[in-house]
Number of protein chains: 4
Amino acid sequence: MEEQKLPRREREKLAQRREMMAAALELFSERGFRNVSMQEIAEKSEFAIGTLYKFFRNKEDLYRALILEQSSRFHEAVTKAIEGPEEEIEKLRNFVKAKGEVFRANVAMIRLYFSETQGARVNVMAGFDSEVRERYRRFLRSFASVFESGMKRERFRRIADPYHLAVALESFTNAFLFLWLEEPERHPYPDDPDTILNILFKGLLLPIDTPEVQDETSGYRS
Amino acid sequence: MEEQKLPRREREKLAQRREMMAAALELFSERGFRNVSMQEIAEKSEFAIGTLYKFFRNKEDLYRALILEQSSRFHEAVTKAIEGPEEEIEKLRNFVKAKGEVFRANVAMIRLYFSETQGARVNVMAGFDSEVRERYRRFLRSFASVFESGMKRERFRRIADPYHLAVALESFTNAFLFLWLEEPERHPYPDDPDTILNILFKGLLLPIDTPEVQDETSGYRS
Amino acid sequence: MEEQKLPRREREKLAQRREMMAAALELFSERGFRNVSMQEIAEKSEFAIGTLYKFFRNKEDLYRALILEQSSRFHEAVTKAIEGPEEEIEKLRNFVKAKGEVFRANVAMIRLYFSETQGARVNVMAGFDSEVRERYRRFLRSFASVFESGMKRERFRRIADPYHLAVALESFTNAFLFLWLEEPERHPYPDDPDTILNILFKGLLLPIDTPEVQDETSGYRS
Amino acid sequence: MEEQKLPRREREKLAQRREMMAAALELFSERGFRNVSMQEIAEKSEFAIGTLYKFFRNKEDLYRALILEQSSRFHEAVTKAIEGPEEEIEKLRNFVKAKGEVFRANVAMIRLYFSETQGARVNVMAGFDSEVRERYRRFLRSFASVFESGMKRERFRRIADPYHLAVALESFTNAFLFLWLEEPERHPYPDDPDTILNILFKGLLLPIDTPEVQDETSGYRS
DNA sequence: CATGAATGAGTCTTCATTCAT
DNA sequence: GATGAATGAAGACTCATTCAT
């Protein structure tokens, strides 16, 4: 790709940087920013501490880079999922699938992601995280517009504020990812996105005088 | 003599302890366990460091006490909301309301709560947090049984695994709380629980050949 | 005794002081000056910390008082043993016996005593210990004069500097006390002082051409 | 020596370690374990505190290393003195000389040594000191066997239990070292070992009917 | 007058960061 | 350019001492 065109020196540098960040990702995601020492990152990545400091001005800078990179990867994937010419329903399915793929391929990322978007953003550092959060908010808005467009195109009922629906689907996929993270066997992230989406698609409430008409195949049987 | 003094002394002690924990709550919730020093907690609570250590064996102990207390308060409220003789729907409404009340009365608690139940629990301390998590899991199970009972009593459609529905509602409310936390003006936590519940109650998908029949009052208008 | 004549108030005070010092003696002798807290002394003696400070200006003062008292008790006993009209040999026997009695009656005192006269005088406090040491030196000199007088009266051979002999007997009894302290069963402090004194009384060296003539009863048989 | 062959880095490390331990020895021997701060050791040895901790895991570790090193040095010297093919008398002389040499070359060591073998071992740390003490006991036993062998070979009278004789000579030399430590001018550690040994060699008691026959040259004249 | 709660200086220890080699 | 030894600021925790009750 792009890297192939770079001089060898530069390519090596990038590879080193990647190794450092990989080590840092694993450690930070397991133990958090303050519970990991530069010493450990150096050892795990098999570089000298001084070399680490050649690539990152300080510990914070390394963390910042990590968060930005991981959050970019996530946003790239989910943004791609909801952009395109497909039907809105299909976009939601793509989103659920893509999010699952990204995170299952990168468990360490989940913790980091949640600790920065959902968790008590320990505010490790001021200001910078606003960048991540801003991007996150922008994504939510364009996610909301998927619902809005679905409503406009009379594909979706206007059951709630599209932004709220976006937030709902975001948070529900998160919840599934958490369940999976803690007990992968018992709570697998569903392969079929509709397992998640049916909570939005189908109404829970059973009108007293209305017989159940929707297909039962995806319904739940105790 | 001593008997006369003891109650007052005890009351004072409790008040002091509360002040310490209040200061700690605020600081920990803002910056996390490792980013707060005992020095700071002492200053904020206006006690000497030594006095802090009279009440809590060490920093961890203080944090532990804080988490346990806050999580107890939360569980008490939501457990009360879903227990009782009401209809299942009413219980869900109670839950949404109660959760909103608890958290709006105690903003700092939210961060702490999420950092321990949802956030990338950096595993500040081993073992103890399992207590909090275990209680959380138990709550989720009894929350799920509300959905299950609703299904058994033909009040709810079997649109999904009751546990998933419980997790869904849990995470929706969390998401709403986060929105409110970040931009209280723009995203107030809804007074009407149905604003949140409609995401579950009503189906999003509009069957192509089915006219929209459900009441429009709680529907969304752009 | 003297105390009976004091007003009740005064007698009580003395008794309290004694209790404090008894607790302190036990603790200090077991763990040393720095490893014992005033808190502990207060608890062990069942007084409030503040009360301790009514009797002793500070921790050092308490320690000082303890050392002075114990060392006085010791010096009284051994001084009495070597004063009087008896033969020099008898005085040495009295010394060995008296020292054994004092210490066996007061194990805690041994450690304190050694830590201040022999051990690495941790120099807990400057200056004051010179008082103890000075008294110790004075005792050694008067102990030496026992040997000197024995030589003058042709009871003792002039095998060494009397002061050295005094030091030798002092240190040898100490060594026996240490052995006893560590393994009371295996190394009892001898009841018969001659077990110790024979090392001074009898010559170790066997002149090649001289048959052993001295009485064998007190000699050693493997 | 061996060190010359080490890489420069290693040699420097050893030299640094030596300097740290030298500073620590001086301070610990003067004021004891608890009365010396790492800060002080750092200042005295002219290293930063952090550097100290690169060499020793913690304060206790530094102390432990110190004790072990010093006690090894001592035991090596005295063990060498009493091993070998010489006559028993000669071994005792060697012991007295060797002990004097070791300690006079290393004044600080004396205090440390006594505080760990004789002094009220405040039990600074548990377990490890047993190693030092055990070695000390072993030495005493092999020292005792010198006396025993002398008795078997009819060189020594059986005036006392060989173990007691060993303890006696140990404690005599200690006592002499203490005298020297406190007033080097007035109480030099004798160059002639017989000054000390005569206390064992010659009998103090003068049989009434026995003229003094042993050589007077080493006897004491006031 | 006794009490013991409150204080905060002082201690050990960690770890981000620098810089000589 | 890479290295990792050296640094020392900062943090958790203890405990002698004071003083309000």
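Only a predicted model underlies this, so the values are computations on that prediction, with no experimental measurement involved. Just so it is clear: chains get the letters A, B, ... in the order the sequence lines come, proteins before strands, and each one is counted from 1.
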Q: Please state how far atom CZ in B/Phe56 lies from atom P in E/dA6, giving the value in whole angstrom units.
A: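 Interatomic distance, CZ of B/Phe56 to P of E/dA6: 13 Å.
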
Q: Got D/Met20 and D/Thr51 here, is their nearest side-chain heavy-atom distance under 4.5 Å?
A: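 Answer yes - side chains close enough.
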
Q: Taking for each residue the nucleotide of DNA chain E bearing the nearest heavy atom, is the 5' side occupied by C/Gln16 or by B/Phe47?
A: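 In this pair, the answer is C/Gln16.
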
Q: Provide, to the nearest angstrom, the distance between the CG atom belonging to B/Leu27 and the C1' atom belonging to F/dG11.
A: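 Spelled out: CG on B/Leu27 to C1' on F/dG11 is 15 Å.
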
Q: Quick test: give all pairs of protein nitrogen or oxygen and nucleotides 17-20 of chain F nitrogen or oxygen below 3.5 Å, distance rounded to 0.1 Å.
A:
unit_1: F/dT17; atom_1: OP2; unit_2: C/Tyr53; atom_2: OH; d: 3.0
unit_1: F/dT17; atom_1: OP2; unit_2: C/Lys59; atom_2: N; d: 3.0

Q: Any sub-3.5 Å donor-acceptor pair from D/Arg31's side-chain atoms to D/Asn35's backbone N or O?
A: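 Yes; judged by distance alone, with no hydrogens or angles, the pair exists.
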
Q: Given side chains that start at C-beta, do those of A/Leu25 and A/Glu69 come closer than 4.5 Å, heavy atoms only?
A: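 No. Closest side-chain heavy atoms not under 4.5 Å.
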
Q: side-chain contact (heavy atoms from CB on, under 4.5 Å) with C/Gln39: which residues, sequence neighbours excluded?
A: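 Counting only residues at least two positions away or on another chain, C/Gln39 forms a side-chain contact (heavy atoms from CB on, under 4.5 Å) with C/Ser37, C/Glu43, C/Ile49.
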
Q: With pairs defined as Watson-Crick or G-U wobble and both distances under 3.5 angstrom, please note down DNA chain E as a dot-bracket string, | for pairing with another strand.
A: .||||||||||||||||||||

Q: Under 4.5 Å between any side-chain heavy atoms of D/Ile67 and D/Arg64, yes or no?
A: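 Contact flag for D/Ile67/D/Arg64 side chains = no.
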
Q: Using atom OH of B/Tyr63 as one end and atom P of F/dA12 as the other, report the distance to the nearest whole Å.
A: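 Distance, rounded to whole Å: 14 Å.
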
Q: Excluding sequence neighbours, so at least two apart, what forms side-chain contact (heavy atoms from CB on, under 4.5 Å) with C/Arg17?
A: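 Counting only residues at least two positions away or on another chain, C/Arg17 forms a side-chain contact (heavy atoms from CB on, under 4.5 Å) with C/Met21, C/Phe55, C/Phe56, C/Ala65.
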
Q: Base, sugar-phosphate, or nothing: which does A/Thr51 touch, judged by heavy atoms less than 4.0 Å apart?
A: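 Counting heavy atoms under 4.0 Å across all strands, the contact made by A/Thr51 includes a base.
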
Q: Measure from CD on D/Glu46 to C1' on F/dA6 and round the result to the nearest Å.
A: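 Checked: the CD to C1' distance equals 14 Å.
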
Q: Contact class for C/Glu40 vs. all strands (heavy atom < 4.0 Å): base, sugar-phosphate, or nothing?
A: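 No contact at all - C/Glu40 keeps every heavy atom at 4.0 Å or more from the nucleic acid.
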
Q: Side chain of C/Ala48: nearest nucleotide among E/dT7, E/dG4, E/dA16?
A: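 Nearest to the side-chain atoms of C/Ala48, counting from C-beta on, is E/dG4.
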
Q: Can you name the residues that form a salt bridge (Lys or Arg N to Asp or Glu O under 4.0 Å) with A/Lys44, not counting sequence neighbours?
A: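 Partners of A/Lys44 by the salt bridge (Lys or Arg N to Asp or Glu O under 4.0 Å) criterion, ordered by chain and then number, come out as A/Glu26.
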
Q: Rounding to a whole Å, what distance do you find between D/Leu52:CG and F/dT7:P?
A: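 It works out to 10 Å between those atoms.
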
Q: Using atom CZ of A/Phe55 as one end and atom P of F/dG1 as the other, report the distance to the nearest whole Å.
A: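 So the CZ-P distance, A/Phe55 to F/dG1, works out to 10 Å.
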
Q: What is the separation between atom CD on A/Glu43 and atom P on F/dA2, rounded to the nearest whole Å?
A: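 Checked: the CD to P distance equals 19 Å.
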
Q: For the residue pair C/Phe33 and C/Phe28, does the interplanar ring angle fall in the parallel (under 30°), tilted (30 to 60°) or perpendicular (over 60°) class?
A: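 Ring orientation of C/Phe33 relative to C/Phe28: parallel.
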
Q: Who passes side chain to side chain donor-acceptor pair (under 3.5 Å) against B/Ser71, sequence neighbours left out?
A: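 Checked B/Ser71 against side chain to side chain donor-acceptor pair (under 3.5 Å); matches are B/Arg135.
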
Q: Return the value, rounded to whole Å, for the distance between atom CD of B/Glu12 and atom P of E/dT3.
A: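 About 20 Å, once rounded to whole Å.
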
